[in-house]
Amino acid sequence: MKLNELTAHELHEKLVGKEVSATEITKTVYERIDAVEGKVNSYVTLTREQAIAQANEIDHRIKNGETVTPLMGIPIAIKDNMCTDGVKTTCSSKMLADFVSPYNATVMNKLNTAGTVMIGKTNLDEFAMGGSTETSYFGTTHNPWDLERVPGGSSGGSAAAIAADEAIISLGSDTGGSIRQPASFCGIVGLKPTYGRVSRYGLVAFASSLDQIGPITKDVTDAALVMNAISGHDAMDSTSANVDVPDFTKALIPDVKGMKIGVPKEYLGEGVDQEVADNIQQSIKQFEAMGAKCEEISLPNTEYAVSVYYIIAPAEASSNLARFDGVRYTYRAEDANDLMELYCKSRSQGFGPEVKRRIMIGTYALSSGYYDAYYKKAQQVRTLIKQDFEKAFETYDVILSPTSPSAAFKIGEKASDPLSMYLSDICTIPVNLAGIPSISIPGGYNAAGMPIGIQLMGKAFDENTILRAAYAFEQNIKDTLKRAPLKG
Amino acid sequence: MIISKNDVEHVAKLARLEVSEEEKEELTGQLNNILDYVSKMNKIDTNNIKPTSHVLHLKNVFREDVAKENLNREKVFLNAPEHDGEHFIVPQVIES
Amino acid sequence: MEYGIVIGLEVHAELKTKSKIFCGCSNEFGGQPNTHVCPICLGMPGVLPVLNKSVLEFAMKAGMAINCEISRYSKFDRKNYFYPDLPKAYQISQFDLPICKDGYIDIDVEGETKRIRVNRIHMEEDAGKLVHTEGYGSSAVDVNRCGVPLIEIVSEADMRSPQEAYEYLTKLKSILEYTEVSDCKMQEGSLRCDANISLRPKGQEEFGIRAELKNMNSFKGVLKGLEYEVKRQTEILESGGEVVQETRRWDDEKGVTSSMRGKEEAHDYRYFPDPDLVPIEVDEEWIQRIKDELPELPDVRKKRLIEEDGLPEYDAGVITASKGLAVFYDECMKGYHNSKVVSNWIMGELSMYLNENNMEIDECKIAPAQLAEMLKLIDNGTISGKIAKTVFAEMFASGKDPEVIIKEKGLVQISDEGELAKIVEEVIANNPKSVEDYHNGKEKAVGFLVGQIMKATRGKANPALVNKLLKEKM
């Protein structure tokens with residue numbers, strides 16, 4: 001196998017054994033990018049020179065006898081909504097097409113300390129609003145399993161980059177499923193940590209009470225390694241939790257004997273593809289064969305989750321995106337005669353239709369006379385959804401569901417119908433509303449050969465239990481897992 | 001209909017978005033679809049249910065009152081569409 | 001018809017913390033444009049606010065000094081509106097759960113104490129500054145003041161005259177100064193006041209239609225702006241018209257208010273709880289700790305000056321209205337015994353020079369101990385009261401010790417009987433007419449002769465001794 005096809009933990013062993021250098025790894029990754037990027041379009045910005053320099057420096061440090069830590073010299077792709085000092089951060093929007101951040105997101109500082117090598121910034125749905133990466137100003141990203149299909153979204157670029165071996169590990173962000181759904185569409189692993197586990201400082205906010213950064217990786221072990229690097233309290237983020245961070249790799253035990261897994265019936269109802277539902281039944285059998293106990297459960301308020309989400313997220317977004325006003329660092333319309341025109345034209349020309357639609361919904365939901373009926377109501381129902389989970393976790397260690405009601409759909413298939421696109425977030429949204437951690441791992445493939453993801457949800461700050469279940473499952477079906485067939 | 005074309009116009013103005021007639025029509029339809037779907041929330045009685053603004057029960061997060069280094073001017077204006085080296089420039093704001 | 005006036009004030013005070021409310025930028029006034037800024041107060045993408053603990057404690061302190069209840073549970077909300085001086089296009093403020101509520105301030109109205117209720121005090125961030133460059137068709141934005149911590153103190157509409165509003169504002173300022181939470185400099189904008197004012201027929205319970213008044217940049221401005229509004233609204237009502245509910249801008253130069261309509265499109269601030277900030281919970285122990293830090297407040301201090309120092313109520317009121325003057329007084333009293341004399345000098349010469357030079361007491365070069373020293377020099381006859389005024393002027397200008405000034409300028413009073421006697425004899429010899437007048441019973445003539453002696457001694461002659469010698473020698 002080529003270096004760029006390996007996982008971070010496999011490369012780490014080679015770096016420790018001095019079989020390869022960080023520079024070699026990085027160069028191999030760029031060779032792959034040169035070969036396939038034209039078809040996939042995972043990246044908005046490539047940071048080749050900076051990456052080679054970073055890799056050289058790592059090699060120098062290793063040569064000087066420095067201990068090789070787990071992510072040292074590992075190429076990473078960063079979703080382009082995380083601020084990187086001196087490198088463009090576009091959010092895949094015309095609004096920020098030329099924006100160079102003057103500071104680093106906290107996760108970037110942490111990754112730099114961990115010694116990763118940033119390959120580039122990956123494509124996303126504009127401002128992370130979407131589930132297909134089709135709303136990007138820089139063009140759609142293509143699914144490495146089938147270039148006619150979407151990679152999912154909004155972290156579609158990060159997921160495609162990993163599936164296409166254009167990076168070893170990556171970061172995504174997840175507001176309503178934006179890490180897990182593309183991971184499932186691309187047949188890889190995506191973890192949304194507990195809200196507050198990873199600092200949001202420097203993540204361009206979409207919906208502040210839901211956003212969370214997490215890893216998208218080739219396997220569960222790499223996800224745990226990235227979690228070790230990026231987790232922890234940050235004094236710059238008031239909503240970051242001041243709780244102990246465990247060593248997530250300690251959870252990687254291939255044993256789920258006695259583990260109680262709940263399978264909510266609401267996640268397998270109407271709208272779920274038969275092949276996806278079948279895959280869940282198969283996964284249940286796998287878990288039971290491994291000694292776990294699976295039972296059907298009910299999370300009765302699930303049916304309201306999409307409604308709640310599509311009020312809360314746009315409401316917060318309408319406020320968060322108000323700063324993109326043409327004054328200090330964004331796109332500015334050239335034909336504005338006065339201040340009002342400057343605002344309206346810059347924002348109308350700078351934002352794409354999906355972003356505008358959500359700003360409209362959110363503005364309406366917060367506007368005078370409607371706050372109680374929409375925003376407050378949504379927050380109250382949010383409480384009930386959260387309570388559903390709390391109750392379930394009194395009995396169950398993990399909750400299992402599909403990650404998405406379907407496998408990756410065709411590019412353009414849902415682009416014209418916003419509501420149907422929103423409804424496909426049904427399995428991932430409740431997790432963000434409740435703030436709990438959740439991981440998507442490959443569960444199998446449909447008849448068309450597209451990956452199907454399964455989702456494992458856990459208690460707040462108990463990423464370790466879902467990592468353990470995911471790891472055990474992964475080890476169990478390892479031999480059946482495939483690679484994206486994309487040829488260079 | 002939950003939201004009229006006039007409402008769409010008003011909301012667009014609040015959000016500082018310029019929408020063409022065509023967009024207005026389209027948005028009115030889409031927003032009604034979405035809000036109609038969302039209205040299923042109203043099936044649940046939420047009297048006495050506390051709203052969740054924060055999923056974590058955090059409180060009293062502070063920073064100490066210490067002044068830190070400022071951002072240098074070069075970085076302040078790095079991305080500015082218009083500036084004079086000291087200020088960001090906008091079209092004349094008319095007072096009263 | 002006679003009309004009653006109803007006034008409520010909204011006062012913004014900048015808190016003098018070291019750093020801004022949600023970021024570590026310096027909170028110092030001034031600075032080159034856009035230098036006291038960082039990604040957070042510039043509203044860059046991805047930044048997050050973290051509350052400065054001192055801001056909360058300052059707000060609590062101000063609230064306690066204004067007799068407010070401190071909220072055990074409080075939170076921040078976003079107030080959404082677009083303006084170039086507001087980088088995030090929302091202001092972080094407090095909407096329905098402010099940090100302090102239900103307080104009051106007592107003011108003196110024609111010798112009576114009147115209680116003005118304070119509805120609430122909340123914390124928020126200040127906006128930046130727009131510089132309007134005349135003729136260029138553009139405005140310039142300076143973000144330095146963005147994120148400067150503010151408290152907004154909202155009174156009930158309890159004031160019944162512009163004078164009451166003025167008294168309330170004066171008292172509020174002195175309370176904030178005493179607690180040291182704000183500099184309260186209206187000309188620097190660290191204290192800002194908006195008012196709402198309405199008239200109603202005498203005897204009517206219901207409030208009339210109100211106008212909101214902005215841009216009153218001084219205490220006098222508040223008084224004059226409100227007085228103008230009373231006149232304007234009275235004229236409207238008397239001519240059978242109706243006051244329009246609107247925001248009006250006070251023009252200090254022209255002395256008029258004018259409508260700000262046009263700029264005022266229907267505001268819809270779309271308040272919602274800021275998801276980036278967590279709630280504040282304050283317990284009894286914390287409240288007590290802040291309470292213990294509260295200094296003696298103006299009302300208590302005034303009472304002490306009256307009861308313990310025997311000052312007249314008027315004097316005590318004037319001195320304690322300004323924390324600086326009150327501290328100066330107390331310090332001076334450490335070195336001198338007579339409170340009324342100290343008060344006379346503070347309210348007289350000292351206040352006069354401060355006003356003339358447009359200075360605050362903390363900029364004054366005279367130390368309280370120096371004034372005490374000077375007063376002692378009067379008592380022991382080293383200088384006369386009149387010379388003391390010259391000495392004081394020099395002290396004010398240079399900050400030198402009174403003894404030094406007296407020595408340098410040769411201002412020591414002539415109390416040597418032999419020396420003075422010679423001068424007295426000379427003056428008597430040169431003014432036989434006046435001496436004659438004196439003998440004819442014209443007491444006035446003495447005044448003239450004393451004047452001549454003072455002139456000859458350049459005012460240094462000990463007046464008591466001059467009188468005595470004159471009478472003896474004539």
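Labels below follow one simple rule: chain letters A, B, ... track the order of the sequence lines, proteins then strands, and each chain is numbered from 1. Remember, predicted model here, so these are calculated numbers, not experimental data. Basis for what follows: all heavy atoms, side chains included, without hydrogens, waters or symmetry-related copies.
- Formation of a donor-acceptor pair under 3.5 Å by the B/N60 side chain with backbone atoms of C/E281 is found in this model.
- Here the options are C/D142, C/L130, C/V143, the test is side chain to side chain contact (heavy atoms under 4.5 Å, CB included), and the partner is B/H87; only C/D142 passes.
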- Task: With side chain to side chain contact (heavy atoms under 4.5 Å, CB included) as the test, would you mind laying out the steps for C/T35 and B/N70 before giving the verdict?
- Result: CA-CA 7 Å; C/T35 54; B/N70 307 116; 5.8 Å; no

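- Only the backbone of B/A15 comes within less than 4.5 Å of a heavy atom in chain C; its side chain stays farther off.
- For C/K75, no part lies near chain B; criterion is any non-hydrogen pair under 4.5 Å.
- B/L71 is listed as a side-chain neighbour of C/P39, based on a closest heavy-atom distance under 4.5 Å.
- Residue C/E293 places its CD atom among more than 12 non-hydrogen atoms of other residues, nucleotides or ligands, all under 6.0 Å distant.
- For B/V90, the parts sitting under 4.5 Å from any heavy atom of chain C are the backbone and the side chain alike.
- For C/C23, the part sitting under 4.5 Å from any heavy atom of chain B is the backbone (N, CA, C, O) and nothing else.
- Counting heavy-atom neighbours within 6.0 Å of C/K129 NZ, excluding the residue itself, gives a total of 12 or less.
- Counting heavy-atom neighbours within 6.0 Å of B/K50 NZ, excluding the residue itself, gives a total of 12 or less.
- Interface remark: C/P84 contributes side-chain atoms only to the contact with chain B (heavy atom separation under 4.5 Å).
- Side chain of C/S139 to backbone of B/V93: a donor-acceptor contact under 3.5 angstrom is found.
- The two residues C/F82 and B/R16 make their nearest non-hydrogen contact at CD1-CG, 3.2 Å.
- Nearest approach of B/F62 to C/V50, heavy atoms of both residues: C-CG1, 3.8 Å.
- Contact count against chain B (heavy-atom pairs under 4.5 Å) is highest for C/S54 among C/S54, C/C41, C/S74.
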- With side chain to side chain contact (heavy atoms under 4.5 Å, CB included) as the test, would you mind laying out the steps for B/L14 and C/R270 before giving the verdict? CA-CA 10 Å; B/L14 270 180; C/R270 289 159 285 137; 4.1 Å; yes

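- Contacts of C/V131 with chain B are made by side-chain atoms alone, with heavy-atom separations under 4.5 Å and no backbone atom involved.
- Only the side chain of C/L56 comes within less than 4.5 Å of a heavy atom of chain B; its backbone N, CA, C and O stay farther away.
- When the candidates C/L277, C/N27, C/V37 are compared by the number of heavy-atom contacts under 4.5 Å with chain B, C/V37 comes out ahead.
- Heavy atoms only, all atoms of each residue included: C/N52 and B/E64 are closest at OD1-C, 4.3 Å.
- Of the two parts of C/Y81, neither the backbone nor the side chain holds a non-hydrogen atom closer than 4.5 Å to a non-hydrogen atom of chain B.
- For a residue to count as touching a neighbouring chain, one of its non-hydrogen atoms must lie under 4.5 Å from one of that chain's; by this rule C/L42 touches chain B with the side chain only.
- Listed by chain and number, the residues in a salt bridge (Lys or Arg N to Asp or Glu O under 4.0 Å) with C/E180 are C/K323 (sequence neighbours excluded).
- The stretch residues 67-92 of chain B participates, sequence neighbours left out, in these salt bridge (charged side-chain N to carboxylate O under 4.0 Å, His left out) pairs: A/D85-B/K75, A/R332-B/E82.
- A side-chain donor-acceptor contact under 3.5 Å links B/D65 to the backbone of C/K18.
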